[in-house]
Participant: 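I have a structure here, written as structure tokens, and I will follow up with some questions on it.
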Amino acid sequence: MTNYPIALWSFNLGRAPGSVADFAAQIEEGLQRAAAAGAKLLLLPEYVNECCLAFKPAGLRPDQEMDFLADAAQELMPHLSPLPQKHGVSLLVGTVPVKAPNGITNTAILLTADGREIRQDKLCLTPFEQSSDTWSLTPGTELKVFELDGLKMAILICLDVEMPALSSLLARQEIDLLLVPSMTEMLSGYHRVFGCAKARAVELMCAVAACGVVGASKGTTQNESNVSGAALYLPCEEAFGFTGIGAEIAPTDGKVGEEPFLVAEVPLQQLRDLRSGKAEVWPGAWTADHVSVLAG
């Protein structure tokens, strides 16, 4: 395989589905669109099912939202599970809250076209995510590397991609594609996540696909704005046009219905050639194991 086509959908939370089934139908529309464009993988953003707050029960407190959304996510999965095989497109269902033995996690769920389910918990939570007054989530403890369609991939969720310590764990894995679902309230957050995603492409000599939710969910008590875009970042090499931008849709707040949908191709063989020694200055999987830190 020379190129690997993917689709990135910055889902607008203002879609306001009337039920879990309505939400699943909206996602299937996106899968159909991705399939029509020839994509093999569709990436949705972090907390994509916050739009289900549009049909939350009356009187639901902010500290009860995660329980409600976790239940909605559990109900959603049986609707979505057959769709990747039906349409021939693997689906990263962004992230959803998942009830676990030690609390609720923020978990990315990848449903593959070959019938597998791969999960990645968010590892580094924001203070808001951990607050007992709001969402009170629990961080994950494992970073998974997996194969799909012959590519080696990993998932870093929003703030996780801002942590170089996490990306350094991937340095020796020689991944081809890093997936970054995100949610950012303001333009500053968008630039933190997407700027770090671009840096990871340079650091790991891989492609990095990032997209975030836009708009605001009907019924939200927490996220009255979301600003994001969609991008495929590549190493800053001559072969890719120098800039490190494979494809990009500018950020939007989604307030008038904007909903970035990007289809792009991961130049798989060129990436592997660069990692094998053809890059301009990349030193390989450099982990600084031989470097000491001297504090003055």
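Hydrogens, waters and symmetry mates are skipped; everything else that's a heavy atom, side chains included, is used.
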Participant: A side-chain contact here means heavy atoms from C-beta on lying under 4.5 Å apart; do L43 and L92 qualify?
Facilitator: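 Yes, at least one pair of side-chain atoms sits under 4.5 Å.
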
Participant: With a 4.5 Å cut-off on side-chain heavy atoms, are E28 and H87 touching?
Facilitator: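 Of all side-chain heavy-atom pairs linking E28 with H87, at least one is under 4.5 Å.
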
Participant: Would you indicate whether the side-chain heavy atoms of L110 and R119 approach each other to under 4.5 Å?
Facilitator: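 Of all side-chain heavy-atom pairs linking L110 with R119, none is under 4.5 Å.
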
Participant: Would a 4.5 Å heavy-atom cut-off, applied to side chains only, mark L204 and R275 as touching?
Facilitator: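 When only atoms from C-beta onward are counted, R275 and L204 do not touch, as no gap falls below 4.5 Å.
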
Participant: Distance only, no hydrogens: is a donor on one side chain within 3.5 Å (strictly under) of an acceptor on the other, for E117 and S81?
Facilitator: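 Absent: no donor and acceptor within the cut-off.
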
Participant: Under 4.5 Å between any side-chain heavy atoms of L143 and L156, yes or no?
Facilitator: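 Yes, at least one pair of side-chain atoms sits under 4.5 Å.
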
Participant: I'd like to check D176 versus C206 (side-chain heavy atoms, cut-off strictly below 4.5 Å). Are they in contact?
Facilitator: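 With C-beta onward as the side chain, the pair stays apart.
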
Participant: Check side-chain contact (heavy atoms from CB on, under 4.5 Å) between R33 and all other residues, then give those that pass, not counting sequence neighbours.
Facilitator: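 By the side-chain contact (heavy atoms from CB on, under 4.5 Å) rule, R33 matches F261.
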
Participant: Using a distance-only test with no angle check, is there a side-chain donor-acceptor pair under 3.5 angstrom linking N223 and E185?
Facilitator: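 Short answer, no.
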
Participant: Tell me, do F194 and S228 make a side-chain contact under 4.5 Å, heavy atoms counted?
Facilitator: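 Yes. Closest side-chain heavy atoms under 4.5 Å.
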
Participant: Mark yes or no for whether E224, through its side chain, and Q222, through its backbone, hold a donor-acceptor pair below 3.5 Å.
Facilitator: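 It does not hold such a pair.
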
Participant: Is there a side-chain contact between N12 and V213, using heavy atoms and a 4.5 Å cut-off?
Facilitator: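 Counting from C-beta outward, N12 and V213 never come under 4.5 Å.
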
Participant: Name all residues meeting the ring pair (Phe, Tyr, Trp, His ring centres under 6.0 Å) criterion together with W135; count only those two or more places apart in sequence or in a different chain, and write none if there are none.
Facilitator: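 For W135, the residues satisfying ring pair (Phe, Tyr, Trp, His ring centres under 6.0 Å) (neighbours in sequence not counted) are Y47, F128.
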
